[in-house]
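Working notes, beginning with the structure itself.
Naming convention: chains lettered A, B, ... in sequence-line order (proteins, then strands); numbering from 1 in each chain.
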2 protein chains.
Amino acid sequence: MLSAIMEDYLKAIYYLQNEADDRVRTSVLAEYMDVEQPTVTSMMKKLSERDFVLYEPYRGVELTDTGVPIALEIIRHHRLLERYLTDHLEYDWAEVHDEADRLEHHISSKFADRIAEQLGQPAVDPHGDPIPTANLDVSGAKDGERLADHQVGDSVQIVRVPDTDPDLLRYLSKHGILPGTVVDVVEIAPFGMVTLDPDSGDGPVALPEEVACSISTQSLTQSSH
Amino acid sequence: MLSAIMEDYLKAIYYLQNEADDRVRTSVLAEYMDVEQPTVTSMMKKLSERDFVLYEPYRGVELTDTGVPIALEIIRHHRLLERYLTDHLEYDWAEVHDEADRLEHHISSKFADRIAEQLGQPAVDPHGDPIPTANLDVSGAKDGERLADHQVGDSVQIVRVPDTDPDLLRYLSKHGILPGTVVDVVEIAPFGMVTLDPDSGDGPVALPEEVACSISTQSLTQSSH
DNA sequence: TGAAATAATTAGATAAGGCTAAATTTATAA
DNA sequence: TTATAAATTTAGCCTTATCTAATTATTTCA
Ligand SMILES: [Mn+2]
Ligand SMILES: [Mn+2]
Ligand SMILES: [Mn+2]
Ligand SMILES: [Mn+2]
């Protein structure tokens, strides 16, 4: 029906579209998929031919109503697999991404539904990313604010962390920064570095700006009053 | 490293080699893999080029010492997955084959080892086929006799049943014929059909010759005295 | 021992997914 | 507004896995 590669492109477009809420440029997609631009152009023609994307030459691409559910299905597979690997097969959260990124294309919907059942229909994956339901609903997903956008003194709860860099994940878990953790923002350096004090003890942790921008949080100081 | 397709060829050669203990002919492999003969010829050249098989034009092919462990690794994955699907994800034994046949190429060895652990290092898959150990040892596998080779009056234990035809599997389990079941051979028709009476009750079941040839058994009347 | 039949290989094509180099379009900025 | 820069697409080639049609080996059997 649809190759694993094509599924990965659709997933990538879905992600990049939400990042920048605009049509996704060839160059951005090429960078993200780690291929050359002409490769993207030819793939976009094929996907457009089959109505999974709306592609306007020189203007970028976006998913159609046919393409979105396919992307969501793969994302569901990916996140359920990650949850399963950590919860039932004792994988570390730093090492689940690659295994899930391959398997997501090869498990059946039945397999996905069964592990969802085993796991008790989890709402989020180990990195805090929302898992679409079996009917591909993602409305339960809260957006959250970027960690980098808080003020010194704020008390915030970690909602989501980026999941592709194993070293970063190991660093974060070592310092007790996980989805659900409550932290105090103790310093924001002029060059963007954010220093946190997790409630879990172990003392303060500094995160570079780039990381602080990609961690999603929920404010406690504001929402609790 | 090695494509899923190539892995399937190696697995097929391993299987067919054991079936007929001889070099595997192009035509036999083509039939088994459901491709045309020239497709096999060109694949054999590639596999031979990379030393996974010993290929002599017009004379057939066999696995090398490099090829065997690769086939065994995939077989291990396949059978562990089947066991996992039935035991932990409530799949029926009739429907596990296709799911396992895809996933076998995409799970890591780590994944395989983890599910083996979860399952308590099982020796056989749901159809009675032996699961190679983590170091690819299959010496524990007992060969068994073909069901078709017994005499009327023999009491035999089912060891292994063919696993690719879901309808047959549903039929067998409906009539209580599973690995481990003890049955009496009550009739062998001149055209090869074998009638069995399973100890599990439910009365006699007739199996066509072809099926009786592909079911592997262990004799109880002989071995118990 | 030679046909005739069968099995296997070679030749040449296709589709998917990728690449590099060249051409073209769009954006930027003087 | 035009020239340069940047982004994108076209053109053409490669590899993998497959096919059909044609050719060549090997068996079989009269
Ligand atoms: Mn993927
Ligand atoms: Mn994740
Ligand atoms: Mn397979
Ligand atoms: Mn099996």
Side-chain angles (χ1 to χ4, degrees), chain A residues 1-14 16-17 19-20 22-63 66-67 70-71 74 101-102 104-106, chain B residues 1-14 16-17 19-20 22-63 66-67 70-71 74 101-102 104-106:
Chain A
M1 176 72 262
L2 204 58
S3 73
I5 298 286
M6 283 176 160
E7 288 179 349
D8 271 337
Y9 276 95
L10 295 180
K11 201 178 64 151
I13 295 165
Y14 182 90
L16 295 168
Q17 215 166 247
E19 278 297 277
D22 195 10
R23 275 185 291 199
V24 180
R25 309 306 305 252
T26 301
S27 52
V28 174
L29 201 39
E31 162 85 33
Y32 189 82
M33 293 294 291
D34 197 23
V35 294
E36 298 303 317
Q37 291 191 3
T39 306
V40 172
T41 300
S42 80
M43 182 56 84
M44 290 313 103
K45 282 185 190 162
K46 281 172 209 159
L47 291 175
S48 160
E49 188 72 32
R50 296 174 62 181
D51 279 325
F52 296 120
V53 301
L54 199 143
Y55 166 60
E56 203 181 331
Y58 295 102
R59 288 276 117 92
V61 75
E62 64 188 316
L63 294 178
T66 315
I70 295 171
I74 303 302
D101 221 21
R102 260 178 298 118
E104 62 187 2
H105 309 288
H106 305 290
Chain B
M1 175 74 265
L2 204 58
S3 72
I5 297 286
M6 283 176 160
E7 289 178 349
D8 270 337
Y9 276 95
L10 295 179
K11 201 178 64 153
I13 296 165
Y14 182 90
L16 294 169
Q17 215 166 247
E19 279 296 280
D22 195 10
R23 275 185 291 200
V24 180
R25 310 305 306 252
T26 301
S27 51
V28 174
L29 201 41
E31 162 86 33
Y32 188 83
M33 292 294 291
D34 196 23
V35 295
E36 299 302 318
Q37 291 190 3
T39 306
V40 172
T41 301
S42 82
M43 184 56 85
M44 290 314 103
K45 283 186 190 162
K46 280 174 210 159
L47 290 175
S48 160
E49 188 71 31
R50 296 173 62 178
D51 279 324
F52 297 120
V53 301
L54 199 144
Y55 166 61
E56 202 181 330
Y58 294 100
R59 288 277 117 92
V61 75
E62 63 188 317
L63 293 179
T66 315
I70 294 172
I74 303 301
D101 221 21
R102 260 177 297 120
E104 62 187 2
H105 310 288
H106 305 290

Do the side-chain N or O atoms of Y58(A) get closer than 4.0 angstrom to the phosphate oxygens (OP1, OP2) of dA23(C)?
no

Nearest-Å distance for atom pair CD/C1', residues Q37(A) and dG17(C)
17 Å

Return no unless some side-chain N or O of K45(A) is found under 4.0 Å from OP1 or OP2 of dT10(D).
yes

Using atom NZ of K46(B) as one end and atom P of dT16(D) as the other, report the distance to the nearest whole Å.
6 Å

For the side chain of E7(B) and the backbone of I74(B), is there at least one donor-acceptor N/O pair under 3.5 Å apart?
no

Hey, does T26(B) reach any base, or is it just sugar-phosphate, or nothing, if we go heavy atoms under 4.0 Å?
sugar-phosphate

Is any side-chain N or O of S3(A) closer than 4.0 Å to OP1 or OP2 of dG17(C)?
yes

Which part of the nucleic acid does P57(A) contact within heavy-atom distance under 4.0 Å: base, sugar-phosphate only, or nothing?
sugar-phosphate

Whole angstrom is fine here: how far is it from CD in E49(A) over to C1' in dG17(C)?
16 Å

Between dT20(C) atom C1' and E36(A) atom CD, what is the distance in whole Å?
8 Å

Expressed as a whole number of angstroms, how long is the span from R59(B):CZ to dT6(C):C1'?
14 Å

Nearest whole angstrom, please: distance from the P of dT15(D) to the CZ of R50(B).
14 Å

For M6(B), which contact category applies under a 4.0 Å heavy-atom criterion: base, sugar-phosphate, or nothing?
sugar-phosphate

Please report the shortest heavy-atom distance between R23(A) and R59(A), naming the atom on each side.
NE-O, 3.6 Å

The side chain to side chain donor-acceptor pair (under 3.5 Å) partners of R102(B) (sequence neighbours excluded) come to none

So, OP1 or OP2 of dG18(C): does either fall under 4.0 Å of a side-chain N or O from T39(A)?
no

OP1 or OP2 of dA8(C) versus the side-chain N and O atoms of Y55(B): is any pair under 4.0 Å?
no

On a heavy-atom basis, which atom in R50(B) and which in M1(B) lie closest, and how many Å separate them?
NH2-O, 2.5 Å

Whichever of P38(A) and R25(B) has the more 5' nearest nucleotide on DNA chain C, that residue is R25(B)

Mind checking S27(A) for me? I need base, sugar-phosphate or nothing, with any heavy atom below 4.0 Å counting as a touch.
sugar-phosphate

